[in-house]
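Only one structure is covered here, and it is reproduced in the block below.
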Amino acid sequence: MAVDPLHLAVALDGAGWHPGAWRDPAARPRELFSAGYWIDLVTEAERGGLDFVTIEDALGLQFTGDGPDGRRDRVRGRLDAVLLAARVAPSTRAIGLVPTATTTHTEPFHVATMLATLDHVSGGRAGWRAQVSARRGEAAHFGRREFPPDGDGTRTDLLGEAADVVEVARRLWDGWEDDAVIRHVATGRFIDRDKLHYADFTGRWFSVKGPSITPRPPQGQPPVTVLAHADPAYRLAAGGADVVYVTPRDERDAASIVAVVRGAEAAQGRTGEPLRIFADLLVVLDQDAGAAAERKARLDAQDGAELASDAAVFTGTPRALADLLIEWRRAGLDGYRLRPAALPRDLEGITRGLVPALRERGVFRHDYEAGTLRGLLGLSRPVNRYAA
């Protein structure tokens, strides 16, 4: 390729990111809670050569505000993202699997071992979308904390806690050196105990001794990803993540956000590989721009409101979207995480329409060029901090 390949991911959530997506004629609402539905989605993404999929998750039902909104005409409920990724892994061969796992109300030790296990069962294709849970209703599930109605201060604390969770996970992943498992049958030694290390972390919210119960992941450390909209989350990403998802409205906004993210890296004293910056876009795709607009209008009418999103909404053809992605890339973006408005229709618009258009322009690869998610993202395998 004349230029570095564009990175491309999709964010999978239920029937799609439009609240009325489950009523789309191509939707499969009766299968949302089946393994087959998710395997079909991820294998379609893999056929398109996408870098990875993210799988949305949360600790509460989908709703607006601090309680259920009372509507019965929207999708409610979801499967656990990490378990779902582990189920999908054997049916795929190359695409990265990045489930969402909260850093709030969960134990860092459990999160770290779940993701390490996913990396083992997928052969080095696991990632993690770290997410905080600031809703009072979700805190009530556990009964250990009470969140005030005004969650601004709470969210800042939760981001600080998230930074500690990520740090603990990385220590636990490094807790086994790569050659700690020796399997010496003659001497009866399965592991070299000197190559297991304690995390020994003590912070404001928890303390973790370690070591992990799970050997070091094949990637060393699965890539950590974070969605960020403002400075506190940019700092979290700069201090502990490998990939940050941002939500620009246009090319100029993208350039401004990229500058802020790079500034956060400098302020955090980040060394080594820079953050990979992915822009989020919610997409409604059709081979005819008018048809795409009509379908969005129909979904809006069925839902009773115009689609609203924290990310920019693109409605049009795959070729027009390809042009936009190339234009915005000049702002310094490394790639994109696309949110299909309706599944599987808009996912197929990405894999069967957008990807060929990007390949024609010489900015997207024709096949997988690495066997791990870190490799696909151009990230080196981290040296074990304890072995070093």
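Keep in mind it's a predicted model, so treat the numbers as computed, not measured.
Contact record, S380 with R374: O-NE, 2.9 Å, taken as the closest heavy-atom pair. Heavy-atom minimum distance, A101 versus W128: O-NE1, 3.1 Å. Shortest non-hydrogen contact noted between G240 and V166 is O-CG1, 3.5 Å.
Side-chain atoms of E265 come within 3.5 Å of backbone N or O of L275 as a donor-acceptor pair. Under the 3.5 Å distance criterion, the side-chain polar atoms of N384 are matched with a main-chain donor or acceptor of W176. Side chain of D80 to main chain of L83: a donor-acceptor pair is present (N/O by atom type, distance under 3.5 Å, no hydrogens or angles). A donor-acceptor pair under 3.5 Å links the side-chain atoms of D119 to the main chain of Q219, judged by distance alone.
For E161, the salt bridge (charged side-chain N to carboxylate O under 4.0 Å, His left out) test picks out R145, with sequence neighbours left out. With sequence neighbours excluded, the residues that form a side chain to side chain contact (heavy atoms under 4.5 Å, CB included) with A341 are H18, L282, V284, D346. With sequence neighbours excluded, the residues forming a salt bridge (charged side-chain N to carboxylate O under 4.0 Å, His left out) with D73 are R23, R71, listed by chain and number. Checked against salt bridge (charged side-chain N to carboxylate O under 4.0 Å, His left out), R183 has no partners two or more places apart in sequence or in another chain. For V355, the side chain to side chain contact (heavy atoms under 4.5 Å, CB included) partners are L8, L50, R359, F364, not counting sequence neighbours. For A140, the side chain to side chain contact (heavy atoms under 4.5 Å, CB included) criterion is met by no residue, not counting sequence neighbours. For L32, the side chain to side chain contact (heavy atoms under 4.5 Å, CB included) partners at least two apart in sequence or on another chain are A15, Y37, V75. Scanning for salt bridge (charged side-chain N to carboxylate O under 4.0 Å, His left out) contacts around D164 gives an empty result, with sequence neighbours left out.
Placement of V313 and L227 in two distinct hydrophobic clusters is found when ILVMFWY residues are connected by side-chain heavy-atom separations under 4.5 Å, directly or transitively. Hydrophobic clustering (ILVMFWY, side-chain heavy atoms < 4.5 Å, transitive): Y386 and W173 are in distinct clusters. If you chain together hydrophobic residues whose side chains sit under 4.5 Å apart, I277 and I326 fall into the same group.
Judged by the 6.0 Å distance and 45° axis criteria, R339 is positioned over the aromatic ring of W17.
Sorted by first and then second residue, the salt bridge (Lys or Arg N to Asp or Glu O under 4.0 Å) pairs with a member in residues 120-132 read E56-R129; sequence neighbours excluded. Note on residues 376-388: pairs passing salt bridge (Lys or Arg N to Asp or Glu O under 4.0 Å), not counting sequence neighbours, are E167-R385, D174-R385, D178-R381. A salt bridge (Lys or Arg N to Asp or Glu O under 4.0 Å) check over residues 86-115, counting only residues at least two apart or in different chains, returns the pairs R93-D367. Pairs of residues two or more places apart, or lying in two chains, never qualify as salt bridge (Lys or Arg N to Asp or Glu O under 4.0 Å) while including a residue from residues 217-240.
Between Y336 and W328, the ring planes lie tilted relative to each other; the angle falls in the 30° to 60° range. In this structure, F52 and Y245 have tilted ring planes: the angle between them lies in the 30° to 60° band.
In this structure, D200 does not pair ionically with R171, as no charged nitrogen and carboxylate oxygen lie closer than 4.0 Å. Salt-bridge formation is not detected for the pair D323/R319: no Lys NZ or Arg NE/NH1/NH2 atom is positioned less than 4.0 Å from an Asp or Glu carboxylate oxygen. A salt bridge links D303 with R74; the closest basic N to acidic carboxylate O contact falls under 4.0 Å.
Of the options D280, D253, L281, a side-chain contact (heavy atoms from CB on, under 4.5 Å) to T247 is made by D280 and by none of the others.
For NE2 of H110, the number of neighbouring non-hydrogen atoms (other residues, nucleotides, ligands) closer than 6.0 Å is 12 at most. In this structure, R249 places its CZ atom where more than 12 heavy-atom neighbours from other residues, nucleotides or ligands lie under 6.0 Å away.
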